[in-house]
Protein chains: 2
Amino acid sequence: MKKGVDNMCPVFNESSQSNAPLTDRIFDLLQDSIIKGDIPAGSKISEPELAKTYGVSRGTLREALSRLEERHLVVRSPNHGVRVVSLSYEELIETYQIREVLGGLGSRLAARNMTDEEIAGLRALLYEHEKSIEEDQGLSYYQKEGEFDFHYLVLRGSRNKKLLDILDGGLYQLIRMYRYQVSTTSSRPSHALKEHHRIVDAIEERDEELADYLMCRHIRTARISVEERHRNMKAENDNNG
Amino acid sequence: MKKGVDNMCPVFNESSQSNAPLTDRIFDLLQDSIIKGDIPAGSKISEPELAKTYGVSRGTLREALSRLEERHLVVRSPNHGVRVVSLSYEELIETYQIREVLGGLGSRLAARNMTDEEIAGLRALLYEHEKSIEEDQGLSYYQKEGEFDFHYLVLRGSRNKKLLDILDGGLYQLIRMYRYQVSTTSSRPSHALKEHHRIVDAIEERDEELADYLMCRHIRTARISVEERHRNMKAENDNNG
DNA sequence: TATAATGAATGTGTCGACACTTTTTGGTTG
DNA sequence: CAACCAAAAAGTGTCGACACATTCATTATA
């Protein structure tokens, strides 16, 4: 499963090594469970119960929860406990707005700083994705996570660590969560791939401005698609209600 | 001290209420100490010692440290302890690059979403700052924190909570830290104020594109000033060494 | 005298326990 | 039967303790 792309991109679960501190592993596990919906969005968390589930002490778990809270994946109200965020449409759009300009910046910097080898690797990834789309097998993986692999490589190429921190450590999560929840199989994956190729073209030609512009537009397209889907769902609800 | 601007802007130390959970208060205290340099950058932290200093248990303090780590204000290496970040020049520039596009986005959204009352408040703040600059008293405060009050109000006006989260919860800190450390009394505070006024002009006229552009340029100016200062310091060091 | 081995001291990782607060339950009363 | 109050159950906030890892000081050795 996951084909050759497996382990290519350490974006998620950075510290799941079995020798890493327990708290870190719990943090990763929890984050994954929240994003994938194993722990339902909006549900309340019982610290003793969760601690028993993962087989760790409450203090250890609370440390992980503190970090999750800092990442806005859970919300804690004093004396009332912790509950998983319930992603709102507005928040999702806000996230896309930010991702748009940051993605643009990342792409621009990537055009400036990426090595030729890295660019080749990026292109290779896209061919992987193409194959994945043709076969039904990898399709679901590509649409759920594959796109992040691409964006991750670009971000790495930007040489701006803070940028990667922000996007990988807090911003992507919401979007991934959304994808898992509404299982949004982007209607035209091949179209997205074409856009990816164009972005790599621009990076390859060291055309910073174009790379910036194309990435912005690419993400804006995704946002608009979400907005459309939302309008449709709302209209449908209004009809049924 | 701090004149009338006191308590005007709750950007920092949000949860220092005396009834807030102990962990949160420790978190705020620690963050402030780190930013202001009371706990020197790069210094190693002894958990038992710090816990005794603040009069809390180690578990409580560790929770705060976990959040500080998520915010990249401290770095933890397993079994080797926690040490305060030592801000590097590169990281600072990276931060400015991001702040540039995010500030632009915030300003653009502020032009779209701010109410007339909010805009009036923004203008009032600038007049406060003008007065502060004329009197020597408030000068140091303005140059250290006043500018953040301005940017904070704009961000609030953008109606994009995530944007505020990112900038206030992680990005501004580095820059504030830098200001305290090199006590960079921006050479031309009145010039910065003029730029602020122009930005408010654009917001007032609901000129999104101009607001975006001016804010970007304003932050870019700050970045370039930092870069220049850095070049000068380096040149001086090279001469003396 | 420099270096390597060894034991003490300090520090981190993790856990279990207790006090106080909120929620739930179940009985009581109008 | 509904509304209300009280006791119990569950949960959160905070603390202290112990095992293991790391660092430091000391001593023994080449």
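Just so it is clear: chains get the letters A, B, ... in the order the sequence lines come, proteins before strands, and each one is counted from 1.
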Please state how far atom CD in E63(B) lies from atom P in dT12(C), giving the value in whole angstrom units. 17 Å
Strictly below 4.0 Å, N to O, side chains only: are K161(B) and E91(A) in salt-bridge contact? no
Expressed as a whole number of angstroms, how long is the span from R83(B):CZ to dT12(C):C1'? 14 Å
Y54(A): ring-ring contact (aromatic ring centres under 6.0 Å, His included) partners, not counting sequence neighbours: none
Run the numbers on R156(A) and Y152(A) for side-chain hydrogen bond (donor to acceptor under 3.5 Å, both in side chains), then give the verdict. CA-CA 6 Å; R156(A) 266 190 84 90; Y152(A) 173 72; 3.2 Å; yes
For R83(A), what residues pass the side chain to side chain donor-acceptor pair (under 3.5 Å) criterion, not counting sequence neighbours? none
Reading DNA chain D in the 5' to 3' direction, which nucleotide is the first one with an atom under 4.0 Å from a heavy atom of chain B, and which is the last? dT14(D) to dT23(D)
Measure across V154(B) and M114(B) and return the closest heavy-atom pair with its distance rounded to 0.1 Å. CA-CE, 4.4 Å
Got a sec, which residues hit salt bridge (Lys or Arg N to Asp or Glu O under 4.0 Å) with E70(B), two or more places apart in sequence or on another chain? R67(A), R71(A)
Nucleic acid contacts - residues 40-51 of chain A versus DNA chain D, non-hydrogen atoms under 4.0 Å: I45(A), S46(A), E47(A), P48(A)
Suppose the criterion is ring-ring contact (aromatic ring centres under 6.0 Å, His included): which pairs have a residue in residues 55-102 of chain A, not counting sequence neighbours? Y89(A)-H230(A)
Should R76(B) and E47(B) be marked as a salt bridge (Lys or Arg N to Asp or Glu O under 4.0 Å) after you check the CA-CA gap, both sets of side-chain angles, and the distance that decides it? CA-CA 12 Å; R76(B) 185 194 321 254; E47(B) 290 182 5; 3.7 Å; yes
Residues which pass salt bridge (Lys or Arg N to Asp or Glu O under 4.0 Å) with E118(A), listed by chain and number, not counting sequence neighbours: R159(A)
Is E145(B) paired with R179(B) through a side-chain N to carboxylate O contact shorter than 4.0 Å? no
Closest to the 5' end of DNA chain C, once T23(A) and R58(A) are matched to their nearest nucleotides, is T23(A)
Sorted by number, the residues of residues 72-82 of chain B with heavy-atom contact under 4.0 Å to DNA chain C: R76(B), P78(B), N79(B), G81(B)
Helical bend (five base pairs per end, nearest 10°) for the helix from dT1(C)-dA30(D) to dG30(C)-dC1(D): 10°
Residues 35-45 of chain B, side-chain donor-acceptor partners within the protein, below 3.5 Å, at least two apart:
residue : atom : partner : partner atom : Å
K36(B)  : NZ   : D32(B)  : OD2          : 3.2
S43(B)  : OG   : P40(B)  : O            : 2.7

Run the side-chain donor-acceptor check on residues 98-108 of chain B: report pairs under 3.5 Å with partners two or more places apart or on a different chain.
residue : atom : partner : partner atom : Å
R99(B)  : NH2  : H151(B) : NE2          : 3.2
E100(B) : OE1  : R223(B) : NH1          : 3.2
E100(B) : OE2  : R220(B) : NH1          : 2.8
S107(B) : OG   : A211(B) : O            : 3.0
R108(B) : NE   : D212(B) : OD2          : 2.9
R108(B) : NH2  : D212(B) : OD2          : 3.1

Quick one: list whatever passes side chain to side chain contact (heavy atoms under 4.5 Å, CB included) with T23(A), sequence neighbours left out. T60(A), E63(A), A64(A)
